[in-house]
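One structure is given below, encoded as structure tokens.
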There are 2 protein chains.
Amino acid sequence: MTTARTGAGRASPRGRRAARTAGDDRETAILATAERLLEQRAFGDISIDDLARGAGISRPTFYFYFPSKDAVLLTLLDRVTEEADAAAGDVLVRLAEDPRARWRELIQRFHETFGAHRALVLACAQVRGTNAEVRRLWAAVLERWVQAIEAAIEAERRRGAAPDGLPARDLAIALNSMNERVWYATFACDGPAVAERDVVDVLLDLWLAGIYRDTTPPPST
Amino acid sequence: MTTARTGAGRASPRGRRAARTAGDDRETAILATAERLLEQRAFGDISIDDLARGAGISRPTFYFYFPSKDAVLLTLLDRVTEEADAAAGDVLVRLAEDPRARWRELIQRFHETFGAHRALVLACAQVRGTNAEVRRLWAAVLERWVQAIEAAIEAERRRGAAPDGLPARDLAIALNSMNERVWYATFACDGPAVAERDVVDVLLDLWLAGIYRDTTPPPST
DNA sequence: ACGGCACTCGACAGGGTGTTGACTGCTGTC
DNA sequence: GACAGCAGTCAACACCCTGTCGAGTGCCGT
């Protein structure tokens with residue numbers, strides 16, 4: 001049910017000492033196989049057997065490392081969100097220097113991170129509908145980002161750069177939601193979508209309009 | 001593969017004459033069962049057997065009416081999008097009368113239509129990830145709406161009420177995408193979401209900001 | 001009275017998941 | 001240097017769900 005496992009598969013960032021166990025390689029192989037196969041077909045069309053064979057083990061052995069197919073995705077998702085957090089860095093605290101440039105940087109970096117793992121991101125969006133675990137993790141990640149954006153908007157209002165208006169939290173939720181869905185469509189090439197090379201600028205424009213009612217918000221004096 | 005069927009299940013809006021066949025009731029019963037069950041559990045947790053038993057028939061008989069579980073959803077989705085189109089009506093052609101009021105009306109009516117079938121809408125969003133048929137239908141519906149919004153934005157620009165800026169199509173895509181994702185979160189109560197009673201106003205505010213850079217766009221003189 | 005069609009379902013084949021229980025080989029211990 | 005113990009492995013099984021096939025049943029027009 002939860003991701004908790006005997007001790008093999010998950011966890012063990014507590015390096016201990018004997019981290020050189022052969023099982024480590026197998027686990028890595030499963031993860032790598034998953035990311036590779038995801039680039040070829042949809043998550044639902046990948047069976048546990050595919051994952052196991054790809055990693056050179058039998059299906060029952062797969063269960064020694066992960067409790068389910070979804071758990072593999074969860075582990076992969078965890079990595080990507082960490083990567084995105086790292087990429088975002090401290091951009092938000094330096095907002096006042098040059099708001100337009102900083103917001104663009106933020107959106108651009110998320111775009112690059114997700115774009116580099118689009119197959120995985122797409123798979124997560126799909127599975128989120130059917131898997132409570134993935135849904136929970138994604139909700140938690142999103143909540144963190146929403147709070148960061150909310151705080152940034154409030155700071156911009158406090159310094160007089162952004163006008164009052166919607167509750168900052170609602171604004172932050174709507175803007176994040178927009179990004180998520182727009183990126184999804186762009187990466188999936190599915191239905192009406194913004195061209196990949198324009199997407200950052202389109203999103204940026206709407207963020208600035210929503211937050212500042214202006215495409216060239218003032219830097220700090 | 002496609003929704004084409006022998007002649008029983010689908011189609012037959014060409015009333016013919018003998019539309020009073022017993023099979024009609026069965027088909028309706030399957031559809032009703034699906035919508036009812038969808039309010040209790042996720043689409044993936046409903047088996048064809050559940051649908052069949054709910055309609056008082058056996059599983060093989062189900063296949064006489066629909067080629068798959070997904071086809072049921074597709075039929076239901078078709079209805080809701082028609083309902084939404086009808087609810088939207090001619091609001092967009094009367095935009096210039098009072099832009100803020102008309103845009104609000106548009107968003108409000110979509111909100112009401114989707115809200116009345118939230119379980120179904122949620123299920124479609126989930127299945128869209130795994131089913132090409134649903135994905136295609138949704139993409140087609142979205143494309144229609146995007147084009148309508150795009151045309152409306154261009155009309156507002158032509159009459160000088162809205163400033164130039166992003167390509168109208170990109171703007172329309174982003175705004176529609178935002179609505180879709182924000183509604184999804186609100187209806188699913190999953191992760192950060194805007195409260196249901198605020199959602200129309202939040203979306204409206206961002207639409208006006210994106211299109212007019214202003215919360216009170218001018219009516220026609 | 002009879003051919004045909006709408007409609008129905010028992011029974012099967014196939015493919016996926018998750019579990020059990022037995023087996024292998026290394027590693028540390030007395 | 002025998003041996004307990006555990007990481008790691010898999011054949012075989014039980015189960016559930018899907019989709020199909022073929023053999024019905026009852027009604028309708030002719």
Side-chain angles (χ1 to χ4, degrees), chain A residues 1-12 14-30 33-34 37 41-74 127 130-131 133, chain B residues 1-12 14-30 33-34 37 41-74 127 130-131 133:
Chain A
M1 194 155 284
T2 53
T3 43
R5 287 199 50 346
T6 47
R10 200 66 289 291
S12 78
R14 319 266 135 284
R16 290 301 300 259
R17 194 252 321 266
R20 194 65 292 114
T21 143
D24 248 9
D25 299 342
R26 295 285 119 87
E27 190 181 339
T28 310
I30 293 173
T33 303
L37 289 182
R41 43 197 153 120
F43 186 67
D45 293 334
I46 299 171
S47 71
I48 289 183
D49 204 50
D50 294 331
L51 258 22
R53 300 215 165 282
I57 55 178
S58 73
R59 205 168 53 79
T61 301
F62 168 92
Y63 288 100
F64 181 81
Y65 294 101
F66 293 94
S68 70
K69 206 170 61 161
D70 293 355
V72 176
L73 202 58
L74 219 46
V127 173
T130 63
N131 179 290
E133 206 81 48
Chain B
M1 197 155 282
T2 53
T3 44
R5 288 200 50 340
T6 47
R10 201 66 287 291
S12 78
R14 320 268 135 282
R16 289 301 299 264
R17 195 251 323 266
R20 192 68 289 111
T21 144
D24 248 10
D25 299 342
R26 296 284 120 85
E27 191 181 338
T28 310
I30 293 174
T33 303
L37 254 28
R41 46 200 152 117
F43 187 68
D45 292 336
I46 298 173
S47 72
I48 290 184
D49 203 49
D50 295 330
L51 257 23
R53 300 214 166 281
I57 55 178
S58 73
R59 205 167 54 77
T61 300
F62 169 92
Y63 287 99
F64 181 81
Y65 294 101
F66 294 94
S68 70
K69 204 171 60 163
D70 292 354
V72 176
L73 202 58
L74 220 44
V127 172
T130 65
N131 179 289
E133 207 81 46

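A note on names: the letters A, B, ... follow the listed sequences, proteins ahead of strands, and every chain is numbered from 1. Computed from a predicted structure; not experimentally measured.
- Atom CZ in A:Phe62 sits roughly 19 Å away from atom P in D:dA7 (whole-Å rounding).
- Using a 4.0 Å heavy-atom cutoff across all strands shown, A:Ser58 reaches at least one base atom of the nucleic acid.
- Legend: residues meeting side chain to side chain donor-acceptor pair (under 3.5 Å) with A:Thr61, ordered by chain and number and at least two apart, are A:Ser58.
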Which atom pairs link the protein and nucleotides 18-21 of chain C when you take only N or O atoms and keep those under 3.5 Å?
{"residue": "C:dG18", "atom": "OP2", "partner": "A:Tyr63", "partner atom": "OH", "Å": "2.9"}
{"residue": "C:dG18", "atom": "N7", "partner": "A:Arg59", "partner atom": "NH1", "Å": "2.7"}
{"residue": "C:dG18", "atom": "O6", "partner": "A:Arg59", "partner atom": "NH2", "Å": "2.4"}

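- Residues passing the salt bridge (Lys or Arg N to Asp or Glu O under 4.0 Å) test with A:Arg53 are A:Asp49, sequence neighbours excluded.
- Contacts of B:Ala52 classified as side chain to side chain contact (heavy atoms under 4.5 Å, CB included), with partners at least two apart in sequence or in another chain: B:Ile57, B:Phe62.
- For the pair B:Phe66 CZ and D:dT20 C1', the interatomic distance rounds to 19 Å; values are reported in whole Å.
- Proximity note for A:Tyr65 (side chain, C-beta onward) versus D:dC10, C:dC9, D:dG8: the nearest is D:dG8.
- For A:Arg26 and D:dT9, the shortest distance from a side-chain N or O to OP1 or OP2 is below 4.0 Å.
- Sorted by first then second residue, the salt bridge (Lys or Arg N to Asp or Glu O under 4.0 Å) pairs that include residues 56-73 of chain B, not counting sequence neighbours, number zero.
- Atom CG in B:Asp24 sits about 12 Å away from atom P in C:dT8, given to the nearest Å.
- The separation between B:Arg53 atom CZ and C:dT8 atom P is 14 Å, rounded to whole Å.
- Judged purely by distance below 3.5 Å, without hydrogens or angles, the side chains of B:Ser47 and B:Asp50 pair a donor atom with an acceptor atom.
- Between A:Leu51 atom CG and D:dC10 atom P there is a gap of 15 Å when expressed in whole angstrom units.
- In this structure, B:Ile57 atom CD1 and C:dC9 atom P are separated by 7 Å, rounded to whole Å.
- Between A:Ser47 and the phosphate of C:dG16, there is no side-chain N or O to OP1/OP2 separation shorter than 4.0 Å.
- A:Glu133 and A:Asn131 get closest at one heavy-atom pair: N-OD1, 2.7 Å.
- Here the P atom of nucleotide D:dT9 and the CG atom of A:Asp25 are 10 Å apart, to the nearest Å.
- Side-chain contact between B:Ile48 and B:Phe66: absent, with no pair of heavy atoms (C-beta onward) separated by less than 4.5 Å.
- What separates CD1 of B:Ile46 from P of D:dC16 is a distance of 18 Å, to the nearest Å.
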